[in-house]
Amino acid sequence: MNERFDPDRADSHWQKVWDEKQCFRADDASAKPRSYVLEMFPYPSGRIHIGHVRNYTMGDVLARYKRMRGFEVLHPMGWDAFGMPAENAAMEKGVHSGGWTRENIANMKAQLKRLGFALDWSRELATCEPDYYGHEQALFLDLYEAGLVYRKESAVNWDPVDQTVLANEQVIDGRGWRSGALVEKRKLSQWFLKITQFADELLAGLGTLDGWPEKVRTMQENWIGKSQGLEFSFDLSSGDRLAVYTTRPDTIFGASFVAVAADHPVAQVAAQGNAEAHAFIERCKAGGTTAAELETAEKLGFDTGLTAKHPFTGADLPVYIANFVLMDYGTGAIMAVPGHDQRDFDFATKYGLPIIRVVAASAEDADRPFAGEAEAGDGVCVNSGFITGMSVAEAKAAVIARAEVEGWGEGKTVWRLRDWGVSRQRYWGTPIPFIHCESCGAVPVPKDQLPVVLPEDVDFQTPGNPLVRHATWKHVSCPKCGIPATRETDTLDTFVDSSWYFLRFASQPGDKPFDPEAIAKWLPVEQYIGGIEHAILHLLYARFWTRALSHIGLIEVREPFASLFTQGMVTHETYSREQDGREVYFSPGEVARSAEAAVLKTDGQPVEIGRVIKMSKSKKNVVDPDEIVASHGADAIRWFMLSDSPPERDLPWSEAGIEGCARFVQRLWRLFGQFDAGASGEDKALDRKRDQTVAAVAQDIEALSFNKAVARIYELTNVTEKAAPSASRSAAIRTILLLVAPMMPHIAEEAWQAIGQGLVAEAAWPEVDPALLVEDEVTIAVQVMGKLRDTITAAKGLPDDDLKALALASEKVQRSIGDAAIRKVIVVPDRLVNIVA
RNA sequence: GCGGACGUGGCGGAAUGGUAGACGCCGGGGACUUAAAAUCCCCUGAGCUUUGCUCGUGCGGGUUCGAGUCCCGCCGUCCGCACCA
């Protein structure tokens with residue numbers, strides 16, 4: 001063996017061998033137990049970033065480990081290749097979206113290969129290719145036929161200068177990111193998927209997902225937002241009726257006004273012939289559309305002059321148009337109870353409306369004033385007519401029952417979840433397979449005419465969707481009546497593309513989206529790994545899509561991902577300096593650091609030490625995985641990704657850390673070089689440590705606690721290095737090699753040449769002797785009054801009385817007790833004795 | 001605003017209610033070397049009157065023989081919020 005391990009040579013050599021032998025190709029026909037390990041596929045932005053490396057290293061360790069444990073593993077990779085950046089590149093650099101995307105894919109694929117991931121590249125797919133999105137169009141039409149797709153009007157952000165629709169992230173402080181023009185809300189007719197039809201199922205399904213983080217399940221639960229309440233109508237002074245929805249019917253006696261959304265019909269009527277009301281509604285439209293913006297914006301209202309008659313008290317309540325009421329939730333109108341809802345409280349305070357207490361901690365507190373904020377908590381009803389004295393829960397039921405008996409309202413379940421709007425007024429996406437005909441309306445493209453291929457001869461010289469301006473593409477004849485018609489020019493949300501790619505990985509027939517038998521074999525994904533940023537949307541949409549396909553009988557599986565793991569970000573330190581009134585950032589490499597201060601190497605002047613945050617180009621704190629692979633090798637960067645930080649938390653990148661990893665690679669190499677097949681002699685303690693480590697590392701990998709697995713491998717390495725030569729020591733060295741094989745496959749493969757047979761990629765996980773996992777001696781902590789005073793060594797399983805005697809015999813313990821009388825002795829077998837004196 | 005999480009040495013972090021700080025990084029000392037790199041060995045929470053003692057897991061309470069861990073109340077930081085993927 002050479003003195004030093006040369007990653008440059010070994011990495012590419014073994015990557016080529018794995019490729020040629022197709023080691024990681026999943027066999028559909030295999031009789032082995034199956035395991036589908038999947039990481040969220042990347043958007044081909046141009047380069048792999050360190051977050052990808054972390055994500056795919058975790059999945060790779062699991063996939064390789066599962067193979068060692070005898071599973072047939074499916075570990076595929078693909079490209080989430082549609083999306084806005086390709087259009088931005090086309091506009092900014094004059095390149096073609098498709099060419100740009102495909103070039104990025106080629107570059108990133110080469111980068112992934114250099115990291116040595118055990119991927120089945122034969123199943124690679126890209127969502128921007130017709131052989132993927134054509135099947136997606138077919139599935140979309142299936143859902144349409146099943147009544148799960150419909151059209152309705154919906155608001156978008158409209159940039160009046162660029163004449164284009166903007167995504168939320170393109171709207172900055174209410175203005176278009178390029179034009180700087182004030183963004184308007186505009187209504188367009190768009191396609192929707194009926195995810196709300198599955199709201200109950202998606203909610204109930206969360207209960208079966210034991211392998212998901214509690215956090216993600218809670219987030220989805222809140223997102224679906226099931227609430228039970230009362231829908232009822234007010235008689236308006238205009239003679240109309242106004243339906244409102246409330247989750248707090250128990251507070252109905254505290255209602256002091258009624259509010260409707262700006263786009264509510266009542267508001268629209270009020271605006272007719274009233275310039276002020278019209279102006280107010282326009283003002284509401286100017287704001288942002290996100291929930292955060294709506295709810296943090298100052299509460300604004302406009303008094304319509306109408307009044308609504310309270311169903312119990314008969315009082316006339318003023319009707320306002322309010323910017324904090326959402327048309328999409330409930331009925332788009334609310335009864336406002338300022339005492340017990342903070343938004344209503346803020347509004348009432350601003351407009352001088354009554355704030356009435358109708359819930360209190362106890363009946364005696366009925367007239368207690370509010371302490372500057374609403375009280376949303378539980379209690380008993382006060383000042384509330386027939387429900388006075390009831391608990392909140394009783395009152396809810398009583399009010400709903402009364403409304404139903406008297407016929408002016410009914411109990412209703414309302415969901416926060418809204419139907420999924422999938423239309424995007426963009427070019428680089430899956431064409432929605434519909435044709436608009438003047439006489440037949442929206443007609444689905446016949447399935448034998450799929451795929452509707454996205455034309456790639458488009459120009460981006462003028463802003464807006466190039467599909468609309470394309471000379472020929474959209475002009476077709478109606479499939480129904482044959483008269484001239486036009487194609488739908490909107491494309492599908494890219495979340496549709498990522499809602500079924502995991503199904504396509506299981507099988508890729510040319511004539512249909514997937515083979516149900518292959519789905520039944522491989523799905524659900526055993527372990528899905530990706531960023532927490534996908535906790536709601538992607539994961540909910542994928543769950544919905546799977547259920548919808550199951551609903552129409554295409555597949556059996558209901559939940560696509562049995563287990564989910566959300567990994568943390570990779571962070572790095574930041575350095576900056578204020579220059580000409582703005583913050584200028586420097587990369588950590590440009591800065592010389594001491595314990596407390598940092599200076600710029602080029603001018604020796606101090607720079608400010610910023611926070612350790614997610615890598616981003618603008619903060620100049622990115623590191624390029626390729627450079628790390630070139631300087632330290634793939635195994636070192638993989639090892640770094642697994643070390644130290646728990647995988648769900650952020651991982652701070654550091655130069656010292658990666659150097660430490662590279663040193664460890666060399667240290668292992670030296671140790672592997674000491675393997676001696678002919679060594680004899682037994683080292684019982686080392687055998688024990690070895691088998692305990694194997695068992696613990698297996699457990700840690702299965703729990704994805706890679707940082708703990710790494711720590712245990714270090715421990716075993718430390719003791720093995722120090723051990724005298726023996727057969728046990730050689731066995732330990734061989735074992736260490738196998739333990740690191742999923743994590744550092746290149747050095748493992750290289751060293752395995754001398755130690756094992758065949759490829760380590762095809763080797764089995766080491767066996768353990770269960771007898772060695774149990775210690776025969778244990779260290780017992782001895783406490784006096786809960787404080788540690790001594791430790792004693794005892795045989796495992798020693799009876800409580802013997803342990804007690806040993807503890808009391810300790811000189812340190814005696815000294816600590818002094819002349820105090822012993823009141824009690826607590827013995828935890830094999831662990832601890834606590835003397836209470 | 002709503003929802004979710006997190007808080008332990010100089011740093012990343014270990015710790016079924018039972019020996020706080022495993023393991024790694026940084027730092028200090030030493031060995032080897034003409035020298036450097038590499039490597040190896042030792043030390044490394046704070047304080048003290050140092051065979052040992054006291055303090056110590058964001059802050060304040062509580063439960064318990066025993067709390068980083070459980071409960072209550074604060075403080076601080078971060079993340080998500082429907083057209084970014």
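Reminder, nothing fancy here: chain letters follow the sequence lines and each chain counts from 1. Please read all numbers here as calculations on a predicted model, not as lab measurements.
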Name the nucleic acid region contacted by A:S654, choosing base, sugar-phosphate or nothing; use a 4.0 angstrom heavy-atom cut-off, strictly under. nothing
Could you state the atom-to-atom distance from CG of A:N104 to P of B:rA85 in whole Å? 15 Å
For RNA chain B, whose closest nucleotide is more 5', that of A:D419 or that of A:A81? A:D419
Kindly check if the number of other-residue, nucleotide or ligand heavy atoms within 6.0 Å of CD (A:E92) is above 12? yes
Please write out each protein N/O paired with an N/O of nucleotides 47-53 of chain B under 3.5 Å, distance rounded to 0.1 Å.
none

Output the single nucleotide from B:rG12, B:rG80, B:rC65 whose closest atom is nearest the side chain of A:I536. B:rG80
What string of B, S and - do you get for nucleotides 14-24 of chain B 5' to 3' if you count protein non-hydrogen atoms under 4.0 Å? SSB-BB--BSS
Stepwise, does the side-chain hydrogen bond (donor to acceptor under 3.5 Å, both in side chains) test hold for A:D790 with A:S810? CA-CA 8 Å; A:D790 200 3; A:S810 158; 2.7 Å; yes
Side-chain heavy-atom pair A:V710, A:D644 within 4.5 angstrom cut-off: no
Roughly how many Å is it from CE in A:M569 to C1' in B:rA85, rounded to a whole number? 15 Å
Any residue meeting side-chain hydrogen bond (donor to acceptor under 3.5 Å, both in side chains) with A:D159, in chain and number order, not counting sequence neighbours: A:S179
Distance check needed: B:rC11 P versus A:I609 CD1, whole Å only. 13 Å
Would a 4.5 Å heavy-atom cut-off, applied to side chains only, mark A:R789 and A:V782 as touching? no
Stems in RNA chain B: runs of 3 or more consecutive Watson-Crick or G-U pairs, distances under 3.5 Å? B:1-7 with B:75-81, B:10-12 with B:23-25, B:27-31 with B:39-43, B:45-48 with B:52-55, B:58-62 with B:70-74
Within the sub-3.5 Å range, which N or O atoms of nucleotides 30-32 of chain B have a protein N or O partner, and how far apart are they?
none

Spacing of A:I532 atom CD1 relative to B:rA5 atom P, expressed in whole Å: 10 Å
For residues 703-717 of chain A, which residue pairs pass the salt bridge (charged side-chain N to carboxylate O under 4.0 Å, His left out) check, not counting sequence neighbours? A:K689-A:E715, A:D700-A:R712
In chain order, what residues pass the salt bridge (charged side-chain N to carboxylate O under 4.0 Å, His left out) check against A:E214, with sequence neighbours excluded? A:R217
Rounded to whole Å, please give me the gap between CZ in A:R663 and P in B:rU39. 6 Å
State which residues pass side-chain hydrogen bond (donor to acceptor under 3.5 Å, both in side chains) with A:D80; sequence neighbours excluded, sorted by chain then number. none
Determine whether A:Q783 and A:L832 make a side-chain contact, defined as any pair of heavy atoms from C-beta on separated by less than 4.5 Å. yes
Just how far, in rounded Å, is P of B:rA85 from CZ of A:R426? 7 Å
Are A:M641 and A:I50 close enough that some pair of their side-chain heavy atoms sits under 4.5 Å apart? yes
Per nearest nucleotide of RNA chain B, the residue lying toward the 5' end, A:Q425 or A:K722, is A:K722
By salt bridge (charged side-chain N to carboxylate O under 4.0 Å, His left out) - contacts of A:D493 (at least two apart): A:R424
From A:W79, A:F82, A:W500, A:F41, residue fulfilling ring pair (Phe, Tyr, Trp, His ring centres under 6.0 Å) relative to A:Y132: A:W500
Nearest-Å distance, CZ (A:F192) to C1' (B:rA82)? 11 Å
Neighbour count above 12 (heavy atom, 6.0 Å) for A:Q699 CD: no
Short of 4.0 Å, heavy atom to strand atom, which residues of residues 213-225 of chain A count as contacting RNA chain B? A:K215, A:T218, A:N222, A:W223
Mind checking if A:A656 touches a base, just sugar-phosphate, or nothing, with heavy atoms under 4.0 Å? sugar-phosphate
If I pick the C1' atom on B:rU44 and the same atom on B:rG21, what distance separates them, to the nearest angstrom? 12 Å
Which residues pass the side-chain hydrogen bond (donor to acceptor under 3.5 Å, both in side chains) test with A:R426, sequence neighbours left out? none
I need the minimum non-hydrogen distance between A:R543 and A:L206, along with the two atoms involved. NH1-CD2, 3.2 Å
Using the C1' atom in both, what is the distance from B:rC78 to B:rC83, to the nearest Å? 25 Å
Expressed in whole Å, how much space separates the P atoms belonging to B:rG9 and B:rA22? 13 Å
Interatomic distance at P, B:rC59 relative to B:rU51, whole Å: 31 Å
Going by modelled atom types, is there a donor-acceptor pair between the base of B:rC83 and the side chain of A:Q190 at under 3.5 Å? yes
Does A:H534 reach a base, just sugar-phosphate, or nothing at all? Heavy atoms under 4.0 Å. base
Name the nucleic acid region contacted by A:E659, choosing base, sugar-phosphate or nothing; use a 4.0 angstrom heavy-atom cut-off, strictly under. nothing
Please tell me if the side chains of A:L803 and A:I780 come closer than 4.5 Å, counting only heavy atoms from C-beta onward. yes
For A:E721, check salt bridge (charged side-chain N to carboxylate O under 4.0 Å, His left out) against everything at least two apart and list the hits. A:R667
Rounded distance in Å between the C1' positions of B:rG1 and B:rG45: 42 Å
Taking CD1 from A:I613 and C1' from B:rU77, how many angstroms apart are they, rounded to a whole number? 14 Å
Between B:rG7 and B:rU16, how far is it from one P atom to the other, in whole Å? 14 Å
Select base, sugar-phosphate, or nothing to describe what A:F495 touches, counting heavy atoms under 4.0 Å on all strands. base
Assigned glycosidic conformation for B:rG9 [threshold 90° from 0]: syn
Whole-angstrom distance between B:rG68 and B:rG18, as gauged at atom C1': 13 Å
Ion pair present between A:E648 and A:K215, side-chain N to carboxylate O less than 4.0 angstrom? no
